[in-house]
Amino acid sequence: MYFEKGVRTLMAKLLTLLIWCSYVVSISKVLSAASDILITANQSLRDGETIVSAGGNFEMGFFSPINSNNRFFGIWYKNIPVDPVVWVANRNMPLTDSSGALKMTVHGILAIFNRTNHKIWSSNASRPAYDPVAQVMDSGNLVVRNRNESNPEDYLWQSFDYPCHVILPEMKLGRNIITGHDWYLTSWKSSDDPSPGDYTYRFDPNGFPQEFLRSNSVVQFRSGPWNGVRFSGFPLQKPNPDIKYGFVFNKKEMYYSYEILNNSFVSKVALTPNGMIQRFIWANLTHGWNAYGNMDICDRYGLCGAYATCDINNLPVCMCLKGFVPKYPKHWNTADWSGGCARRTPLSCQNRDGFFKHSGVKVPDTRSSWFNESMNLEECKSLCLKNGSCTACTNTDIRRGGSGCLLWFGDLIDMRQLTETGQDVHIRVAASELESVDPAEKTETKARSNVKKRMRITVISSVLITATLLPAIALILYVKKRKKQIRQGTTRHGPGRNNESPNEDLELPLFDLAVLAAATNNFSADNKLGEGGFGPVYKGTLKEGQQIAVKRLSRNSRQGLHEFKNEVKLIFRLQHRNLVKLHGCCIHREERMLVYEYMPNKSLDYFLFDEGQSMLLDWPKRFHIIGGVARGLLYLHQDSRLRIIHRDLKADNVLLDYELNPKISDFGMARCFGEAENTANTNRVVGTYGYMSPEYASEGRYSVKSDVYSFGVLVLEIVSGKRNRGFCHPGHCHSLLGHAWTLFMEERSLELIDVSVGDSYSIVEVLRSIHVGLLCVQQCPEDRPSMSSVVLMFGGDGALPRPKQPGFFTKRNRVEADTSSSKYEQSSSTNELSITLSGAR
């Protein structure tokens, strides 16, 4: 009996002890969740272990997506079971089992190791660490800091600096201007695969900053610029008692962020795998995410082309702006709006224009814009009218009645009508267009009309007074002009001169030499972008803020007045997204200059043939550049009003814009063909050795197939990252073309690809590019495809003909190859060649 009583007492004590242990364990878990858990140097967090933030909002550890056995290290909402993951570390290197571990080094570096202790991912550190710890914050931010430093500015590293597909409150989306670091989103490949998908959402700092959604390198959507309240193209960013939106733009950084004002409110912004930017709000009642911000057809970038707006409530959705008409009416009527609209009446360029006000719109693409936050709207309009390239203006900030000045230069792209949250844009039009404006818009026009009437009376009076003196004035002016022509050597029929005036029939704006000198800081070396065969190119900024590139013909250049005027006349008539745009020219005594749109990323050769810069050209970018150059050449050969042979296509003459879109430049050697012409001959072969076709280099015979050959060389250079001219291989003495053809014949074409591309390439696209490139460089012009066929080849997946031997395939001996290579390395970057062929026509 006593024994049984003792047993019962013992059992009671054991039960009490178990309950107490259980309580201690539960308390310790609560304490773990309620206080920051730190990972210190040489500690590990293994698969199966997790850490929860202090407030219990977020948890981090290893996880597997739905329908996947791969393991990733990430951060997720602790108490939200649906789509909880907000950040992933090893997106490109998943683990295939549960052997992974996250470790902290003594240098403050986080690293993930697999079963064989091989590092598959690591962070970095901004400065030396002396007692590093890592912790997940209640904001969802994984930070590494020195133990006694808690200020965010002192963090050694943080996951908020490397967003994945989600923006959380307090995160930044933008750019650190000092370091060049971008905070941007990249979509998951699919809902069960966190590896980087096709879509990115990031700031573009050019002009007035705005955000772009891209599929690979193709723009899908544009947010518009920040207008003080919201991004112009985001109508859902209304004042909200639960959310505060903000945009910071100063000399150090530009970024968007938001703040949650209600602690019970859970929200995130995510880039979905199918390319949607949406705000998600957690609904406790339904235990699911409510998505806001579904995109419609009018959000598609540039749907309606230039000078048009998209209105989702209209049918058709695209309409030309007031004062504009469809550029291609037949296409427009069949719902093909890509050609956009054109002015019904050209601008006067003499300050006689005015503005139509368009209200409630998403403002146009601001990459080619200029802004000044201290000017008012009237000053902004006045400044716009003084610049022949200015097409529209508005305020930079719509608060308190509006302030600041934003000017557009060039075409107005990607506008849409918004019902509630749009803003006003003032579109520049010719004065005659203003006669049809609404009564409410006539005040400014009437004032201008009165001024014009007074001016008309003054002019008529002046003409009547001076009419009798006109013959004498004309005679004096003629004598002065004749003397000036004799002094400057520009008389129309002077001995040894061309029988034409330098400025005759140029048909485009002429820039004053003083204006270009001021824009380029007197053509200083600091503004020099590079030097081509015909002279240096300078970066310039006009007084109104517009950036330009000035090509200054050197006095000892081989390009004479004929070539200069040829380039001017040709380019000014050409309009294509893959051709560089000419703004005007300058002819002043011996000075001849061309003024182009500014290309911030220089030329293709700057990236392609530089070991460091080539890393920035992954395969999608290279393939995009190949396609753009092909479409530009097709336009020259077939779709433009003139049939043009470029004759000097090379990597140096392919310029890259803000998005690395290619633009063909340098038309000094170009020639026009009539519709019935197929080939022509010249006794002066001028071009770049390594890009010239055999028939052109040896016989002076050129055609569209000469350009096709140059394009094929360029394609193989883009794939390989090597120049054809000066190419040297340890195993043989072939040129790059011969090397590519040999690999192709041996079915080893993938060995040609540039190592800088890494694993970003598509095998199908690479093999097809090499195949098409070899078809283009075949020895006989008749065997080469036309550019229309080339574009179809890149866009299709059908079988391609087998290429024949390329031009210039004859082997060089080793001494010749080495000599050629060394001469190439010592020569100028243009590698231009000029040959006079005796007997050639």
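Proximity of a side-chain donor or acceptor of Ser665 to a complementary backbone N or O of Val654 within less than 3.5 Å is not detected. Not a single donor-acceptor pair under 3.5 Å links the side chain of Gln546 to the backbone N or O of Glu597.
Side-chain contact between Val229 and Arg399 is present, with heavy atoms from C-beta onward closer than 4.5 Å. For the pair Arg300/Gln220, no side-chain contact is recorded, criterion being any heavy-atom separation below 4.5 Å from C-beta on. Contact annotation: the side chain of Ile548 never approaches that of Thr541 to less than 4.5 Å [non-hydrogen atoms, C-beta and beyond]. Taking the side chain as every heavy atom from C-beta outward, Trp370 and Phe409 approach each other to under 4.5 Å. Looking at heavy atoms from C-beta onward, Pro364 lies out of side-chain contact with Ile413 at the 4.5 angstrom threshold. When side chains are defined from C-beta on, Phe212 does not count as touching Ser223, because their heavy atoms never get closer than 4.5 Å. Using a 4.5 Å heavy-atom cutoff, the side chains of Arg343 and Phe324 are in contact.
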| message | Set out, in order, the CA-CA distance, both residues' side-chain angles and the distance that settles disulfide (SG to SG under 2.5 Å) for Cys380 and Cys393, then state yes or no. | response | CA-CA 7 Å; Cys380 193; Cys393 62; 4.4 Å; no
| said: Let's go through Arg202 and Glu211 carefully: what are the C-alpha distance in whole Å and the side-chain angles of both, what is the deciding distance for salt bridge (Lys or Arg N to Asp or Glu O under 4.0 Å) to 0.1 Å, and is it a yes or a no? | reply: CA-CA 5 Å; Arg202 67 195 304 171; Glu211 297 168 319; over 6 Å; no
| said: I'd like to know whether Arg647 forms a salt bridge (Lys or Arg N to Asp or Glu O under 4.0 Å) with Asp707, so could you lay out the CA-CA distance, the side-chain angles of the two residues, the decisive distance to 0.1 Å, and finally the verdict. | reply: CA-CA 6 Å; Arg647 296 206 305 173; Asp707 280 354; over 6 Å; no
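When each of Tyr256, Tyr201, Phe208 is tested with Phe231 by the rule ring pair (Phe, Tyr, Trp, His ring centres under 6.0 Å), just one qualifies, namely Tyr256.
Between Lys551 and Asp666 there is a salt bridge, since a side-chain N of the basic residue sits under 4.0 Å from a carboxylate O of the acidic one. Using a cutoff of 4.0 Å between basic side-chain nitrogens and carboxylate oxygens, Arg214 and Glu659 are scored as salt-bridged.
Between Phe667 and His646, the distance from one ring center to the other falls under 6.0 angstrom.
When only modelled atom types and interatomic distance are considered, His624 and Asn661 share a side-chain donor-acceptor pair under 3.5 Å. When only modelled atom types and interatomic distance are considered, Asp657 and Tyr598 share no side-chain donor-acceptor pair under 3.5 Å.
In this structure, His576 and Tyr635 have tilted ring planes: the angle between them lies in the 30° to 60° band. The aromatic rings of Tyr328 and His331 lie tilted to each other, with the angle between the two planes from 30° to 60°.
The disulfide bond (SG atoms under 2.5 Å apart) test applied to Cys586 returns no partner, not counting sequence neighbours.
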Which atom pairs, donor and acceptor, lie under 3.5 Å between side-chain atoms of residues 307-318 and protein residues at least two apart or in another chain?
| from | atom 1 | to | atom 2 | distance (Å) |
| --- | --- | --- | --- | --- |
| Tyr307 | OH | Asp411 | OD1 | 3.2 |
| Asp311 | OD1 | Asn313 | N | 3.0 |

